[in-house]
Each structure stands twice: as C-alpha cells, then as structure tokens.
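Here's the structure we're looking at; comments come further down.
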Amino acid sequence: MKKFANYIDGKLVPSTSKDYLDNYNPATGEVYSLLPDSCQEDVEEAVAAAKGAFPKWSGLSPEDRSQYLIKIAEAVEQSQAELALAETTDTGKPLWLSNAMDIPRAAANFRFFGHAITQFASESHLVDGVALNYTRRGPLGVVGCISPWNLPLYLFTWKVAPALAAGNTVVAKPSELTPHTASLLSEICIKAGLPPGVLNIVHGAGGKVGQSIVQHHEVKAVSFTGGTATGRKVALTAAETFKRTSLELGGKNPTIIFEDCDFDLAVESAVRSSFTNQGEICLCGSRIYVEEGIYEKFLGEFVKQVDALKVGDPLDGDVKVGALVSQHHQQKVLQYVALAKQEGGHILCGGDRQVVVGRCERGYFVQPTVIADLPNSCRTNQEEIFGPVVTVQSFKGADQAISLGNESSYGLAANIWTSDLKMAHNVSHKLHFGIVWVNTWLLRDLRTPFGGMKNSGLGREGGFESLRFFTEAQNICIKL
Ligand code: TXE
C-alpha cells in the first residue's frame, strides 16, 4: 500500500515514530494509503530545517523568490491530471470539480503570490521639513500553515504561497484526512529545486502535529483554516507565545433572494451555492431566505432542480454530488437531518444516506437535502452542518431579511439576489459578513480581503492582506 512521507529539509522521510495512519477513499470506504503519524520530534526537525533555511531564503530578492513560485505553479499545472485524481480519491468530490476548481486554483495561488510579491510596497509618512517615516516590512521567520480537508491543495497553497513569497520559511500541515496532494506537492517542490528547508510538510493528527506547530516558540505566526472549535484552541495555544494568528473558520451563510431578482439565475445559483463540493465549502449558502411573493414558486423550482442532481461515483462525469469526506462526517450530517425533524422541519427532498451501487456501495454519500418550516433560532439553522443540507424560509421586506441573515454567531459570507442596486448596497452594508456576493456566488478575485466576522474568524487573507500578515512592520523615523 502507498505510504506518504513527510517533507523535511528537502527530503522525503518517514515519521520518527515510524507509525502510520490509515487514509480512506471516502467514495469506496476503503483504506487506500497510509500517512505518517508524526509527532513533536518531527515538528522539531521541520522547525530546525526551516530556521536553518531562513537567512538565505529571506535574503533572496523578491524577483528570485517569485521565480521559484512561478516554477512551482507551472509544475502544478503540468501535474494537473495526477493531482486532480489524488484530490478526488482523498475527498470524494467529483473529478471534474477537482480538475475545474481545486488544482487550477492551487497553481493560481503560487502564480498570483509569485507576482504579488514583486508589486508589494510599503508606506512612507513625510512631515515636510520635520521628519520622514518609512515602513519596512520584513519576513517573520519560521511560520506555520494548517489547512483543512474540504479544499485540500487549494487552501494549503493559499497559505503556503504568500508565506514563502514574503520570505518566510514554512512548516505546514495538511489535514490528516486528505494528505495526498500535499504529498505530491513535496515531490513537485523537490523537482522545482526549492532550496531544502524552505517548505517543510509534516503529516499527522491535528492534536499532535498541529498542536506542536502552534506551541513552538520558534514559529512566529500561524495561518489556520478549519472548524471554529479548533480555531479557538489554536488561538488559546498561540496566545502563550504571543503568536500572530490568522483564523479562517466556519460559516452559516445566508442566501437572500428578493422578488425582483433574475429568478432563473437565482434558483440555479442557489442550487450551486448549496451543493457544490457536497456543501463542504465554508462559503456555501446553508440558509436560504426567499421574499414571500416568490416563496412557493422558488420552492417548486428549487426542489425540482435539487432532486435532479446526480449523486454517485466521483469519477463519473455526470455526477454533481460526490461522497462526504469521512464516515464520521456523514454521520454528523445525518444527525443534523434527524435533529431538523425533531425541531419541526419538513424534509422537501433528500434526507437520507445515498446508496450507490457498484464500486462505491460502501461510500459515504448523503442525498442533497432541503428542509423547510424551521424557526430561525433552532440549532439546525444556527450550527454549521458543512454538508449537502440547506434550509429555506420566507421573509417580508429587506429589514426582516437583514435581521434573519444576521441572527447567527457566524459571519463569513452572504449572498443577495436583487435587481435593485440601491437596495443591494443598503442590505450589503447592514449584513455582518466579511464577504457579500450580489447576483453571483464564489466569484473570487485573489486581490480582495477574504475572511469572516464573529465566530467565522480573525484577520483577512488574500492579496496584500496575506503579505502583510506574513511580514513584520518596522517604522523608521528620520529627522530632516
Ligand atoms: O476540522 P478541524 P474537522 C468545520 C466543519 C467540520 C468541523 C470539524 O463544520 O464539520 O469544522 O472539522 C488541524 N491544533 N470545518 O474536525 O479539526 C487538523 O488536523 C492545531 C470548516 O475535520 O478544524 C486539520 O489540519 N491544529 C472548515 C485542521 O486543523 C489542529 C474546513 C482543520 O481541522 C488541532 C474544515 C489542534 N489542536 C472543517 N486539531 C472551513 N472553514 O473551511 C486539529 N487541527
């Protein structure tokens, strides 16, 4: 069986413990590979390698670092087919989606930050005749990047690329549920000639490897994406060493549909925003609010389209919804459906595990599920389910839509559908969400600030925000 390796100091090595964890293909329910069950010693080695590599890497010009990142981007593009298949095998998501979104986006992250670092400038503040202040931004040193299982290579590179571009050296940990593409990235970095120690990848459990990275006194900052409960632990641990943290956490995102919207587009997009990647994207809309005049019409068309989504083998090109990432997660999602029924919800479609015959009969599939008639305050409408489950409610007027949307401890992304531009601005400004999409969903521009309010996180990623996070500002004041 295939065994993945850690990537430390430029070499592929097993964990010092020599132990391994099982890695499942969630579409078949089979263990298909093993990943190192790494421990604190492995993190120590990785940090030492990163520390050793820092002076030389941080001393390179931005243009030279940029060249390495562009080279890695090109290599990711050349390995697209292998990486996409690996991503699908690890996550259960449709192969066409890995090909269309995950892998191109991972390459784009390296390319984007490879270019961004050559355009990164700092401020100066001049008081004529008195003093000139200028801000110098330098890399932090060794930084940690911890990423989740839902968009494995896409989110891993979203952190690693800006950290490296800014001149830091990195100790990174992919999710133990999805180690495959990060492992292939190690090979890509070796082939691309990335100097040893600049990027180190340590596989293993969050409580051991992740915790050791966050605790380490030599790690100056941690960029984390994952669940809110884990994010809280990371923040508490990081506080002990006054580590800088960027936390991109969960969401419970509202999709608000007004009567004057482009109806067909709004329905089609609501299907996409609810069920893309099996609903396992922190940006997916999981609470749909529809203005009362079109509520019944919306329900009819929405449920018809959701019912038509094909669930099944991720390798099948027609499949729109693949397997959930793990049996544990499948059970969690199904428990929420049971809870919704107890809370008085009506299941309009789905609501059960999906049996797929053949190769995937033991896979972790859940039918796309639509639930109506729940109060906004119930647990189903307040807690992050992170699966193919969406609730629908009606509202009367913009004020009620805003208050229903904001009634949440999360604040990551909101989605509005209307043809009234003035209302779109007004509603957007009153919604407490880090990202608001109007008449579109998941349209990303890598230069924009990305992140959440409230329990959805702390800090912003993207463009120069990421480069600022991964650098330390020093003010130099010169008396004129
Ligand atoms: O993620 P975890 P889990 C949500 C979603 C999901 C829930 C739990 O609701 O059901 O979180 O998912 C590492 N110190 N999201 O438990 O544990 C871990 O190894 C340092 C939303 O799988 O948060 C992995 O690499 N690191 C989300 C990463 O943290 C630790 C994406 C995320 O895992 C650690 C995923 C520790 N003590 C889940 N414990 C999103 N916002 O995109 C674990 N880790």
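In each ligand, atom 1 is the first atom listed, and ligand 1 is the first ligand listed.
- Checking Gly206, Ser147, Ser175 against atom 28 (C) of ligand 1, the nearest heavy atom belongs to Ser147.
- Every atom of ligand 1 is numbered from 1 in the order shown, and the set under 4.0 Å from a heavy atom of Ile146 is 13 (C), 20 (C), 25 (O), 26 (N), 28 (C), 29 (O).
- The closest side-chain donor-acceptor pair between Glu87 and Thr181 falls under 3.5 angstrom.
- Remark: ligand 1 atoms within the under-4.0 Å shell around heavy atoms of Leu249 are 41 (N).
- Between Lys233 and ligand 1, no pair of N/O atoms sits closer than 3.5 Å.
- Ring geometry, Trp158 versus Phe450: the interplanar angle exceeds 60°, so the pair is classed perpendicular (tilted spans 30 to 60°).
- With Glu461 contributing its side chain and Gly451 its backbone, the two residues share no donor-acceptor pair below 3.5 Å.
- Remark: atom 34 (C) of ligand 1 lies closer than 4.0 Å to at least one protein heavy atom.
- Between atom 12 (O) of ligand 1 and the options Phe156, Tyr410, Trp149, Phe224, the minimum heavy-atom separation is to Trp149.
- Checked by distance only, ligand 1 and Thr225 stay at 3.5 Å or farther apart across all their nitrogen or oxygen atoms.
- Electrostatic pairing of Glu77 and Arg111 counts as a salt bridge here, judged by a charged N lying under 4.0 Å from a carboxylate O.
- On a distance-only criterion, Pro148 and ligand 1 share no N/O pair closer than 3.5 Å.
- Residues Glu176 and Lys173 are paired through a salt bridge, judged by an N-O separation under 4.0 Å between the basic side chain and the carboxylate.
- Atom numbering of ligand 1 starts at 1 in the shown order; those under 4.0 Å from a heavy atom of Gln211 are 14 (N), 20 (C), 36 (C), 37 (N).
- Nearest protein heavy-atom neighbour of atom 26 (N) of ligand 1: Gly210 CA, 3.6 Å.
- Here is the list of ligand 1 atoms found below 4.0 Å of a heavy atom in Lys332: 6 (C), 9 (O), 10 (O).
- The closest non-hydrogen atom to atom 40 (C) of ligand 1, taken over Gly207, Ser326, Cys282, comes from Cys282.
- Side-chain atoms of Thr178 and Asp90 include no donor-acceptor pair closer than 3.5 Å.
- Closest to atom 16 (O) of ligand 1, if we only count protein heavy atoms, is Thr230 OG1, 4.8 Å.
- The pair Lys93-Glu280 does not meet the salt-bridge criterion, since no charged nitrogen lies less than 4.0 angstrom from a carboxylate oxygen.
- The nearest protein atom to atom 5 (C) of ligand 1, hydrogens excluded, is given as Glu384 OE1, 3.4 Å; this is a heavy-atom distance.
- Close to ligand 1: His329, with a non-hydrogen atom less than 4.0 angstrom away.
- Using cut-offs of 30° and 60° on the angle between ring planes, the pair His329 and Phe386 is perpendicular.
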